[in-house]
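Some notes on the structure that comes next.
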Amino acid sequence: MSDETCFITQSGLMMSLRTCLMRHLLAVAPLLACVPDLEVDLARVDAPRVLAVRAEPAEVVPGEPVALSALYVDASGTLVDGPLEWAFCAARRPLAELGPVSRACLEREGDALLALGTGLSVTAPAPAPGCRLFGPEPPPAIGDQPAGRPVDPDITGGYYQPLRIVAGDDDSDLTLFQLRITCGLAGAAQQQSAEYRARARPNRAPAVVAVERDGQVIAADAVTKVKPGGALPLRLAWATCPEAPVCGDSMCTLDEAAASCPADCGGPLGCGGAETYLRFDPTTLELVTTREAIRVAWYATGGRYDAARTGRAPAEAEAFSDNVWTAPDAPGDFTLWVVLRDDRGAADWRELAVRVE
């Protein structure tokens, strides 16, 4: 199951434009006799890259503050500082343009960009007009042009505020991210909208519970040792979420509220795993419950994985994903990263230090 695309999708996924270009070259290589064969290892980190962005909260009401942090890495490991320039984009994509966002969102400067700051993390309010520009509310007219149509939700029923990150002076090292925003329903009856507001809970990011080797939890500050050319079996585990509300399980999930279950809903909402959530089905015009898919992206500064991407479909109840990393033949120190994502745009990650000797 792949969780990266050349364009930012409405599940909050991202990749660098440089990697995107290479994948386009791969697609047309059979048509170009002079183009050599290219092999792209999505898991290999050999240059500065933003691997993931974490938003807290994972789903935000436009106008409310959100804390954003990036997992920024290079061939030496996780970077503790970086010239990342953050900006929300307020430009709607014209119908005549291809791609997921307006071209104005890809610029370094411009009237459409709201600069948020520089560094590995920033905190700022999500733009207040998010649901008008990128959601189900009628958008404003621009100049003498008629107002456009509202944006359609993605398959999870969500809407997203575009965000772009540029690393330093290299315009090609640009990352696109979509922040999930809380908006109303499009096409729903008044009674359905009221029911949705009463029952639904905002998305909560999945959380890495543990990374295991042969059934043993790897401590966060541990250095895992592997022989040259040896195999390192890994299991990433996340929380198991209830499919139906259970008062008293310390998780405030779908259909639970502070009034009916104060013990659960006095703290954080949601569950840090594959959540069951409520959405409006535009085909049947009914409210339906759906379980999240979970995707896992594996990265390393050396060696190779059996699979660069793994995960669980909504029908799979297991709260873990397995992979095997094979060490290089030469000794050395390496960094591995595991990025956990749900299909509503939220992410968490874990870093592993590995010594081959």
Side-chain angles (χ1 to χ4, degrees), residues 8-13 55 57-66 88-93 95 100-102 125-141 146-163 177-206 241-245 251-261 265 268-271 274-293 314 341-346:
I8 180 168
T9 70
Q10 290 194 334
S11 57
L13 310 179
E59 180 176 336
V60 63
V61 175
E64 295 295 318
V66 59
F88 283 125
C89 182
R92 286 169 53 87
R93 180 180 63 82
L95 293 177
V101 298
S102 168
C131 293
R132 293 191 66 191
L133 295 175
F134 308 107
E137 299 177 11
R149 60 182 299 274
V151 174
D152 294 325
D154 74 347
I155 60 173
T156 71
Y159 301 94
Y160 300 86
Q161 166 67 52
L163 171 78
F177 174 73
Q178 294 204 89
L179 173 66
R180 191 177 180 101
I181 54 177
T182 299
C183 298
L185 299 181
Q190 184 175 1
Q191 182 178 357
Q192 290 173 316
S193 295
E195 180 184 351
Y196 179 84
R197 290 192 296 270
R199 298 179 57 198
R201 297 291 173 265
N203 186 31
R204 180 176 174 182
C241 298
E243 296 189 19
M251 291 181 285
C252 188
T253 55
L254 178 68
D255 288 328
E256 289 186 273
S260 60
C261 192
C265 296
L269 303 180
C271 169
E275 296 182 286
T276 298
Y277 63 95
L278 191 66
R279 67 178 179 87
F280 180 71
D281 189 322
T283 302
T284 63
L285 301 181
E286 294 178 344
L287 292 173
V288 297
T289 56
T290 304
R291 194 166 180 270
E292 287 179 325
R341 293 187 176 97
D342 64 31
D343 58 0
R344 292 193 286 168

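The basis for the numbers below is simple: all heavy atoms, side chains too, and nothing from hydrogens, waters or symmetry mates.
- Within the 4.5 Å cutoff, the side chain of Phe134 has heavy atoms near those of the Pro162 side chain.
- Residues satisfying the side chain to side chain donor-acceptor pair (under 3.5 Å) criterion with Thr182, sequence neighbours excluded, are Glu59.
- Rounded to the nearest 0.5 Å, atoms OG1 (Thr156) and CG (Asn203) are 8.0 Å apart.
- Judged by distance alone, with hydrogens and angles left aside, the side-chain atoms of Glu275 form a donor-acceptor pair with the main-chain N or O of Cys271 at under 3.5 Å.
- Between Val61 and Ile181, the closest side-chain pair of non-hydrogen atoms is not below 4.5 Å.
- The two residues Ala58 and Ala346 have their closest heavy-atom pair at CB-CB, 3.6 Å.
- Judged as a side chain to side chain contact (heavy atoms under 4.5 Å, CB included), and not counting sequence neighbours, the contacts of Pro314 are Arg291, Ala293.
- Using a 4.5 Å heavy-atom cutoff, the side chains of Leu179 and Phe88 are in contact.
- Judged as a side chain to side chain donor-acceptor pair (under 3.5 Å), the pairs with a partner in residues 186-198 (not counting sequence neighbours) are, in order, Glu195-Arg199.
- For the pair Pro242/Thr253, a side-chain contact is recorded, criterion being any heavy-atom separation below 4.5 Å from C-beta on.
- For the atom pair CG (Leu254) and CG (Leu278), the distance works out to 5.5 Å, reported to the nearest 0.5 Å.
- Contact detail for Val151 and Arg92: the closest heavy-atom pair is CG2-NH1, 3.7 Å.
- Residues Pro62 and Gln161 fail the side-chain proximity criterion, which asks for heavy atoms closer than 4.5 Å.
- Looking at heavy atoms from C-beta onward, Leu285 lies in side-chain contact with Phe280 at the 4.5 angstrom threshold.
- With sequence neighbours left out, Glu286 forms a salt bridge (Lys or Arg N to Asp or Glu O under 4.0 Å) with no residue at all.
- The closest side-chain heavy-atom distance from Glu292 to Asp343 is below 4.5 Å.
- Heavy atoms only, all atoms of each residue included: Pro150 and Pro136 are closest at CB-O, 3.4 Å.
- Listed by chain and number, the residues in a side chain to side chain contact (heavy atoms under 4.5 Å, CB included) with Arg279 are Tyr277, Asp281, Val288, Thr290 (sequence neighbours excluded).
- The distance from the OG atom of Ser102 to the CG atom of Leu133 is 11.0 Å, given to the nearest 0.5 Å.
- Leu269 pairs by the side chain to side chain contact (heavy atoms under 4.5 Å, CB included) definition with Arg201, Pro202, Cys252, not counting sequence neighbours.
- Considering every non-hydrogen atom in both Tyr159 and Gly184, the closest pair reads CE1-O, 3.9 Å.
- Note that the OH atom of Tyr160 and the CZ atom of Arg344 stand 8.0 Å from one another [nearest 0.5 Å].
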